Amino acid sequence: MSRSIKVDAIARLEGEGGLIINVKDGKPVEIKLDIYEPPRFFEGFLEGRSYKDVPDITARICGICPVPHQTSATTAIEKAFGIDIPESMYILRKILFLAEFVESHVLHVFMLQAPDLTGHDSVISLAGDAPDKVKAALRMKKIGNEVMKTIGGRSIHPVNLKIGGFYSWTDKQALMDLIPDLEWGLEAITEESRWAATLPFPDFEVDYEYVAVHNKNEYGVVEGDIISSRIGIITEEEFEQNYLEKHVSHSNALHSYNSEDQPYMVGPLARYNLNYAQLGDKAKALAEELGIVPPLNNPFKGLLARAIETLEAFDQIIKLIKAYDPQGSSMVEYEVKAGRGSSATEAPRGLLYHRYTINEDGDVVNAKIVPPTAQNLARMESDLWQLTPQVLQKEHEEATLDCEHLVRSYDPCLSCATHFLKLDIEEIE
Amino acid sequence: MENGKPRVAVFKFSSCSGCQLAILNLEDELLDLVGAVEIVYFLEARRLPESRPYDITFVEGSVTTQEEVERIIKIREDSGLLISIGSCATAGGVQALKNYKDVNHLIDIVYEHPEFIETLEKSTPISEHVKVDVELWGCPVDKYQILEAVSALLQNRRPNLPEHSLCLECKALGRVCVTVASGIPCLGPITKAGCGAICPSVGRGCYGCFGPSKDMDLDAFIPILRETTSSPKEAVELLRTICGYTPEFEKAAQMILEEEVANE
Amino acid sequence: MTMSAVEDKMHVEENAMNPNWAVIKKIETETVDTSTLWLEFEDEEVRKDYKYSAGQFNMLYLPIYGESAISISSDPDQEGLIGHTIRFVGNVTRAVSRLNVGDRISVRGPFGTNWPVEESKGKDVIIFAGGIGLAPLRPAIYQIINNRKDYGKVTIVYGARCPSDLLYTGEYEEWRSHDIELMVTVDHADDTWDGLVGVVPMYFYRLRPNPENTVLWSCGPEIMMHFVLYEGLARKIPDNQIYLSYERNMKCGVGVCGHCQHGAYYICKDGPIFTYEQLEPYFNVEDL
Amino acid sequence: MDIDRKLIDRLRAVPWFQEISLEHFEAIAQFTRMLDLAKDEILFREGDSEDYIYVVLKGRVAIEVNSPDRGKLRIFTAEALDVVGWSAVTPVVRQRTATTRAVVDSTLLSIDAAKLQQLCDDNCDLGYLIMSRVSSVIAGRLMGARMQLLDFYGKQDCEE
Amino acid sequence: MTDYQLSINTTVAISKPELNKLLDVLSGAGYKTIGPVAKNNSLVYEQIEDISDLPYGYETDQKAGRYRLYQNGGSEYFQATPGASTWKKYLTPPRTKLFGLVNVDNKWKEVPVSEIHPKYAFIGVRPCEIAAIKIQDTVLIREDYVDTLYKKIRDELIIIAVNCLHPADTCFCTSVGGSPEAEDGYDLRLTELDDLFLVNIGSQKGIDMVAQLEYAAANSHSLQIENEMMSEAKEKIKDVLKDYKQLPELLMNNLTHSAWEDVAAKCLSCGSCTSVCPTCFCWDVQDVTNLHGTETQRDKVWDSCFNPTFTAHAGGGCSRPTTTSRLRQRITHKFASWVEQHGGEGCVGCGRCIVWCPAKIDIREELNILQEAFK
């Protein structure tokens, strides 16, 4: 008996993709994530562009996580030029960065994944059942956006970040004015996390290799080394030697594999499991209260990691705003020179790696961008191979939803995946 | 139109999804909005089976593949009003930067197996393929312009969208002109208002993401741009950032390139 | 109500831009895209005080849609409803077209200059109107009829694009009965049309005005008025006896928003009706 | 030859003929006659030879051109004292380029164009007078045509 | 010096720090004190609470299309010439609510305007800016029309003028009948000398303010220095406009001259000049509605004769479709038709339109070119 689970267009994803699972005699024989995001060639058209344009152009890779792209690009190029930025700039970048975590995580938790766990087709119908919850989520999301807007002019593709610092300092008072809202957000996410912990997550556990940014001074997101649950800490420069994107025979998509040819996971669960110790007290206290201290190996529970990270983001933003002390020029002086630099940041959906080679005129010689979703793609497919037999006894619709839900729980950002290949959909008899 | 509520769809073409997110970023108005219209297709938020036809269709993204060419024609047939949102949809967007390069070369750079890549030579705006009723510019689109467009359609009036240059908006907001005060190149004088002059607000020049303003004057602008940029390359790249594929900005870039050739 | 709220309220009431509500009492369909709305102010005081002259206009405001300058087309000597003949071509007027009897609309006015109805007593009057341009002239026609013996020969040449575009067709016989020569012409005739064909200025050749004792009033598309003017001047009608009604993008009605400037004039305040003597310096200045 | 006094009086009453001497009126009257047209009766058709020039005395006469794609287009309605068929007395005589139809019962003076032209050729003073009158008719019609071209009132859906 | 009799036109001297006391007096009386602040490489009019907010030790270098603000190590608060900011942003703000309406049971009801506009005290108003405010007065407070909001703000306004001792190269107030020395229209007028401010009293309010300060009678030496510096300043301003008084006739008689095309060739049609002009007043009205069309707010917003929709017709098209026609409108309005409309020219010679034109159009030069061409 054969059966196909086919989702032409998975809803509630960033970007668009489909899913095909072909089953024969109770076992999956083929699983494909069909990414029909057309290629956009960022790495290609960056060639020859001035280094100055890179943050603005790479922001457009993804409307959901422009800040990590901007930050990875900026930091990588700053490394190529040997630029060190002072503390207050780092603080401002981190505030901007974490504000996007708030916006993106809240969007994912409440508007994209929560409908799966509450039996709704969308946040629109969820809003009918639980309007207060949705209103609270919208307000939290708005606060994240407001912080980004205050620093970057707008929350999607903000305009203030530049190589060597910022175009201008953000007025401290303008940020201080947001603190009451942020404090409200901190309370609200605590409350909503308690609710989230009660949601009926499917039983499903996988032994993952987690890979994330690791910063010895803090819960790493903006910059740091790379940590893996398999090989420990490596430098950013070593990333490309250990984790490769390549073609594999069973699929036409670019997949990332570790040096042992195994898929690995990036994203909130990876960060949470690897860097839990560096979370703030408030986050840890809530995690303990909810009984979700690592290890957390259920991909569906990425939602809970996101909730805790949102709390951590609110908490840190408040502290960082208070510590923010803009002085002097908003950008450091530097010299344009030939060089190569790479940087890894944590986009809300996982590790994002940029590497650039710049010539003496400041033009990009080549660019390499490894977005989180590309890295997770092989992992998602592996998970689906494992999940499918478990859900096959369910009604077709329900089984389909479970598979979709699994993909959604990764919060894949398909626009981000700058170089997926188009897959041919095959039906088996 | 069931229950008098217009059926609204949101479609994505080649893009970063940012303009769809702009809709979801209407936090204060979102619940009101979904109450006023019936959102029948908006993949980033929900999917309903059998959603055609649509009264109001928003299209994000540009056309970069043959599949997209065919899809937009179909969507046009299914749609009452078609509104393109964001500069990918109105101008070809950032991915139109590939339009200046050999597409096969680009494929070679990015992909190991070029034979699997299906793409068109150029990234093109929606209006190059089908009739578009309203264009909302910006990268991303301004969420309040989306709201204004929906309000206007619901109320059967003309949407209030500025066509004038960014300079008017910038000055009304009390921003300091970066070209005059700091000698920074700025596309403001030839760019449509609507963004809130955010770039001059942080002390940088406009990079034209809201597209060309109406009745602007390239002959007068090119000398200023050349004077404020250090090289023709910088001037051309500024024009070719987000909306470089618009006829106006493309003409401006050509004028600079031709001038450079003439000077050599 | 707190003190400051009272002050704010006063501020609202004083403001010249504030709405002044009127109710639509009657709607007469004139053509496929033109109707006459008959309005009555809600406020009795306003109703009593409201006086206007032939050729003046009001700013009609429909919330959400905006404001539009509409000339008054009713008889200034008659108390009661105020008529506005509106062609539904713009954002505001198309919204007005969807209104019904009993709906409210705001009316600011009256604004602008008027036809020299009083000053022209004792003279022959020639009126050239085109399309919707007959609307602001109708009040003057009524006033002439009201005092017909005070005027000499009265001639009206009225044209529209096609017979179905003609306004006030039901009143022509009445006008003619008051010893008014009325020529009606259309650009595009159909088979049922047995009247004149051609644009109005062309018919100037049929008139034999005594230039010194003639006033010429014209309202219609600007290009039409220009040709009327040329014909009038060719027949030696003095500059200050030729009156043209101009139209520009009028917003405030009181000559302060700057939109309707034409040379040194604010059309809304110094016009809309000008003598050619006034307009002469700007005549044929392109895109002024 | 009998001189039709009544006809001369009609001619003299036409403003168009002002300043013409009695002698010339008598000559013109020789080749002028009164013509009654019933409603919808055709005076001449497009393609007819140009033989007469007319002056409308009473009623209304429409001048219409037929266009294959737009149908019948009326370009002028002549009323009392208007001149119709002026092209018949211009130097180049073509066939009629328009159709003329009475839209109400009408009376016209019809003047033999060839004879009028001959008369003009023989009498330069009269010829000048007639030709300047013809030219002002042409100028008027030309202006009218031009203005119609401008489409003053803009495009609208008309029940044509 | 309590025995000193203060009256209008008295000049006293105060120490520079005493300006802080004046700010306190004003804010104590409920005034929002606005003055020049160095920001984003320019001077911007913003709220100031302390004299340290003022651009101390700054000067400017300006010419067509260029404004540079830099510190010169000097010790003056008011040496730097103002930037693009004008006082009109407080007197006729870029967007003001005229009224709000809410639809209740299919009937529109007015919602009173609830914005409270503060009482302003402007610190450091230049003589040309006083002239500009006077011009706006003639436009907005007339027999047949009163802009009530403007009048309200204006009636309560306190003007602390400052004489221009360091006019910029783009200044041409003397060419249009002005002077770097404020003659009237202020409550107090400051002249900044090395170590003190000379304060001339222009109104009863001015007397009341000075009475609360530590002041001394201005000595003749200071007054002499003031005089000399004013003369120097006046000399520094080049009298560049030829036949200024002939302009109305000359411009209006040559509306169709081809020279307009030449002048407009450089123009971007961006509207910057009208935005920074302290006398430009054109505005538009817009309805801002809610989604369901049940609430609307009617706003008055700045407009510009360079806005493509400025002369738009209801049925499509516009009266001034070209850059030339729009620039001609601006120039003829400022220098010609304004006289007929409002009894005087619309230009005060502040030079903002020159400095802040990205295309470097210098109105003085352009007027001279036009004059040459029209002769």
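Residue numbers begin at 1 in each chain, while the letters A, B, ... track the order of the sequences. In this text, all values refer to a predicted model and were calculated from it rather than measured experimentally.
- Looking at A/Ser155, only its side chain comes within 4.5 Å of chain B, counting heavy atoms on both sides.
- A salt bridge links B/Arg204 with A/Asp56: the distance from a Lys NZ or Arg NE/NH1/NH2 to an Asp or Glu carboxylate oxygen falls below 4.0 Å.
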Exercise for the section: Start with the C-alpha gap between B/Glu38 and B/Lys5, add the side-chain angles, then the distance that decides, and say whether salt bridge (charged side-chain N to carboxylate O under 4.0 Å, His left out) holds. Expected result: CA-CA 6 Å; B/Glu38 171 119 28; B/Lys5 279 190 191 177; 5.7 Å; no
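- Proximity to chain A (any heavy atom under 4.5 Å) is shown, for B/Lys143, by neither the backbone nor the side chain.
- Here the side chain of B/Glu234 pairs a donor or acceptor atom with the backbone of B/Ser230 at under 3.5 angstrom.
- When heavy atoms are compared at a cutoff of 4.5 Å, A/Asp363 approaches chain B solely by way of its side chain, counted from C-beta outward.
- From A/Arg40, atom CZ reaches atom OG of B/Ser15 across 6.0 Å, with rounding to the nearest 0.5 Å.
- Of all the listed residues (B/Pro140, B/Cys199, B/Cys209, B/Gly61), the one sharing the greatest number of non-hydrogen pairs under 4.5 Å with chain A is B/Pro140.
- Contact of B/Cys139 with chain A is made through backbone and side chain together, with heavy-atom distances under 4.5 Å.
- With a 4.5 angstrom heavy-atom cutoff, B/Val34 touches chain A only via side-chain atoms.
- Using bins of under 30°, 30° to 60° and over 60° for the plane-to-plane angle, the ring pair B/Tyr41/B/Phe11 lands in the parallel bin.
- Only the side chain of B/Asp28 comes within less than 4.5 Å of a heavy atom of chain A; its backbone N, CA, C and O stay farther away.
- In this model, a donor atom of one side chain and an acceptor atom of the other lie less than 3.5 Å apart for B/His129 and B/Thr124.
- Residue B/Ala96: no heavy atom, backbone or side chain, is found under 4.5 Å from chain A.
- Chain A forms the most heavy-atom pairs under 4.5 Å with one residue out of B/Leu31, B/Leu238, B/Asp142, B/Leu30, and that residue is B/Leu31.
- Rounded to the nearest 0.5 angstrom, A/Tyr167 OH and A/Lys162 NZ are separated by 5.0 Å.
- The contact between B/Tyr207 and chain A is made entirely by side chain atoms (from C-beta outward), counting heavy-atom distances below 4.5 Å.
- Considering all non-hydrogen atoms of both residues, A/Arg93 and A/Leu161 come closest at NE-CD1, 3.3 Å.
- Heavy-atom distances place the side chain of B/Ile242, and not its backbone, under 4.5 Å from chain A.
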